[in-house]
Amino acid sequence: MAKRARKFWLMKSEPNVYSIDDLAGDETTGWDSIRNYQARNFMRDEMKEGDLVLFYHSNASPPGVAGVARVSREAHADPTQFDRSSKYHDPKSTPEAPRWMMVDVAFVEKFPELVPLGALKAEEAALDGMLVIKRGQRLSVQPVDKEHFARVLKMGAAKMKLR
DNA sequence: GCCAACGTTGGC
DNA sequence: GCCAACGTTGGC
């Protein structure tokens, strides 16, 4: 039985909330608090262990890709939805039928330097169709083409290589 | 801080 | 089911 081909993703996080350095320290984290159905569906239905993730710093100056992570655990219920004290509490969700799912991601590497959004936009020809460079694109979990992923690794002088 | 773009809610 | 109002995202 052939293994499913690895998929590639981009996940946004505000670095003043949770940065690539936080992930490096934690080694792994639950990608909780996502309250967007499209993003949830990607996590619930499509992200598999071993998939690679561009870790993107949003609401930063400049915003950009800070490094690489890897899906380390597939979809499971986001615990913040059951936490009454959390701003992400969802009273309509139950443990039997959780509405919000998350994956866990593990630290892979931090780029020597951030790849700014502006640099991605400047590579528009090579990165044609990449969602993060589209204006008005707010989705915080996005699929990325393998070719685009490889190009961003190069731009970030990543240690890892795709094969 | 501004505001364009987008997603969600809720009245009808 | 439509769509106006509202809330959020996120670049600048």
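Each chain gets a letter, A, B and so on, in the order its sequence line appears, and its residues count up from 1.
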Any residue of residues 112-129 of chain A with a heavy atom less than 4.0 Å from an atom of DNA chain C
A:Leu117, A:Lys121
Bend across the helix from B:dG1-C:dC12 to B:dC12-C:dG1, to 10°, with axes taken over 5 pairs at each end?
10°
List, by chain and then residue number, the residues other than A:Phe82 in its hydrophobic cluster (Ile/Leu/Val/Met/Phe/Trp/Tyr, side-chain heavy atoms under 4.5 Å); write none if there are no others.
none
Point-to-point distance, once rounded to the nearest 0.5 Å, from OG of A:Ser13 to CG of A:Leu23:
9.0 Å
Those residues at least two apart in sequence (or on a different chain) that pass side-chain hydrogen bond (donor to acceptor under 3.5 Å, both in side chains) with A:Trp9 are A:Asp51
Both A:Gln38 and A:Asn59 contact DNA chain B. Which one's nearest nucleotide lies toward the 5' end?
A:Asn59
Hey, are A:Asp78 and A:Arg40 close enough for a salt bridge, meaning a charged N less than 4.0 Å from a carboxylate O?
no
Each residue besides A:Tyr37 in its hydrophobic cluster should be listed here, by chain and number; the cluster joins Ile, Leu, Val, Met, Phe, Trp and Tyr at side-chain heavy-atom distances under 4.5 Å.
A:Trp100
Verify same cluster id: A:Leu162, A:Met130 (apolar side-chain graph, 4.5 Å):
yes
Between A:Lys48 and A:Glu74 the two heavy atoms that sit nearest each other are CA-OE2, 3.5 Å
Return a table of donor-acceptor pairs under 3.5 angstrom between the side chains of residues 115-129 of chain A and protein atoms on other chains or two or more places apart.
residue  : atom : partner  : partner atom : Å
A:Glu123 : OE1  : A:Arg151 : NH1          : 2.6

Hey, where on DNA chain C does chain A first and last touch, going 5' to 3'? Cut-off is any atom under 4.0 Å from a heavy atom.
C:dG7 to C:dC12
Using heavy atoms and a sub-4.0 Å distance, could you list which residues of residues 135-145 of chain A are near DNA chain B? By number, please.
A:Arg135, A:Gly136, A:Arg138
Report yes or no: do A:Thr80 and A:Arg35 form a side-chain donor-acceptor pair below 3.5 Å?
yes
Acceptor/donor pairs from residues 59-73 of chain A side chains to any protein atom, 3.5 angstrom cut, sequence neighbours excluded:
residue : atom : partner  : partner atom : Å
A:Asn59 : ND2  : A:Glu14  : OE2          : 3.3
A:Ser72 : OG   : A:Thr28  : OG1          : 3.4
A:Ser72 : OG   : A:Asp104 : O            : 3.3
A:Arg73 : NH1  : A:His76  : ND1          : 3.4

Salt bridge (charged side-chain N to carboxylate O under 4.0 Å, His left out) partners of residues 82-95 of chain A, not counting sequence neighbours, each pair once:
A:Asp90-A:Arg99
Which distance, rounded to the nearest 0.5 Å, do you find between the CE of A:Met102 and the OG1 of A:Thr29?
8.0 Å
Expected list for residues 89-100 of chain A near DNA chain C, using heavy atoms below 4.0 Å, is none
Between the NZ atom in A:Lys7 and the CG atom in A:Asp145, the distance rounded to the nearest 0.5 Å is 12.0 Å
Co-members of the apolar cluster containing A:Leu131 [side chain, <4.5 Å]:
none
Relative to the ring of A:Tyr18, is the ring of A:Phe55 parallel (under 30°), tilted (30 to 60°) or perpendicular (over 60°)?
tilted
